[in-house]
Structure formats: C-alpha cells, structure tokens
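Structure first, commentary second.
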Amino acid sequence: MNAIALVTGGARRLGKAFALCLARIGFDILLHYHQSEAQALETAQEIRQLGVRTYEVKADLRNIHGVETF
C-alpha cells in the first residue's frame, strides 16, 4: 500500500500541481475540494492515469462543521 497524501484545494491551481507531483512520485492522493467538483473529478482522473489511487472529499474547511465532517 502506498503512503497517502492529503492535498487541500487539490482540484485547481497550486493544489492540483501538488497533487499531481505527489502522485508522480507514488503517493495515493486524498483530494479535498469545496466547490470545484467538476475540476476535482478531472484532476482525480489525471491522478489515476498515473497509476495511483485517489479519493475525492468535498468539505468546507472554513467552519468547524465542515472540518468535523471532513
């Protein structure tokens, strides 16, 4: 089993770059997103094509309820 990296805001921009970089070196990815579901699913597909697993998690980390749900 690969180590798992949590990438918050992993659907777009820097978060996506970090997630893809970590996936390229063999980490499975826990891909967090808040509102960018379509982009998160696209990023997750790119990660899977690199041969590692990814898990998408939607959560609003700006408030305690979102953190608790996460």
Side-chain angles (χ1 to χ4, degrees):
M1 181 174 180
N2 294 342
I4 300 173
L6 164 61
V7 181
T8 59
R12 304 182 305 142
R13 299 186 296 264
L14 279 177
K16 178 178 179 175
F18 289 136
L20 289 170
C21 181
L22 289 165
R24 284 186 189 101
I25 60 174
F27 282 85
D28 290 334
I29 305 296
L30 180 57
L31 186 73
H32 160 264
Y33 67 96
H34 176 220
Q35 296 178 329
S36 304
E37 183 173 15
Q39 293 94 338
L41 296 175
E42 290 173 14
T43 300
Q45 183 59 32
E46 289 180 52
I47 291 168
R48 287 187 189 98
Q49 290 174 352
L50 296 171
V52 299
R53 290 178 286 193
T54 184
Y55 310 91
E56 305 85 40
V57 178
K58 180 178 181 174
D60 181 355
L61 301 181
R62 297 175 298 173
N63 62 60
I64 191 67
H65 179 70
V67 173
E68 290 172 348
T69 302
F70 182 69

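Positions are given from 1, in the same order as the sequence printed here.
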Out of curiosity, does Phe18 fall in the hydrophobic cluster containing Leu61 (side-chain heavy atoms, cut-off under 4.5 Å, transitive links)?
no

Item checked: same_hphob_cluster(Phe27, Leu30) at 4.5 Å side-chain heavy-atom cutoff -> no

Exercise. Would you say the side chain of Ile29 lies within less than 4.5 Å of the side chain of Arg53, judging by non-hydrogen atoms?
Worked result: no

**OP:** Please confirm whether the backbone N or O of Ile47 pairs with a side-chain atom of Thr54, one donor and one acceptor, at under 3.5 Å?
**Re:** no

_Any side-chain heavy-atom pair of Val57 and Leu31 under 4.5 Å_ = no

Would you check if Gln39 and Tyr33 make a side-chain contact, meaning some heavy-atom pair closer than 4.5 Å? no

Quick one: does Asn2's side chain have a donor or acceptor within less than 3.5 Å of a partner on Gly26's backbone?
yes

Here the side chain to side chain donor-acceptor pair (under 3.5 Å) pairs for residues 8-24, sequence neighbours left out, are Arg12-Ser36, Lys16-Glu46

**Message:** Using modelled atom types and a 3.5 Å cut-off, is there a donor and acceptor pairing between side-chain atoms of His32 and backbone atoms of Ala59?
**Reply:** yes

Exercise. So do the side chains of His34 and Arg62 get within less than 4.5 Å of each other, counting heavy atoms only?
Worked result: yes

Partner of Leu22 under side-chain contact (heavy atoms from CB on, under 4.5 Å), picked from Asp28, Leu50, Val7, is Val7

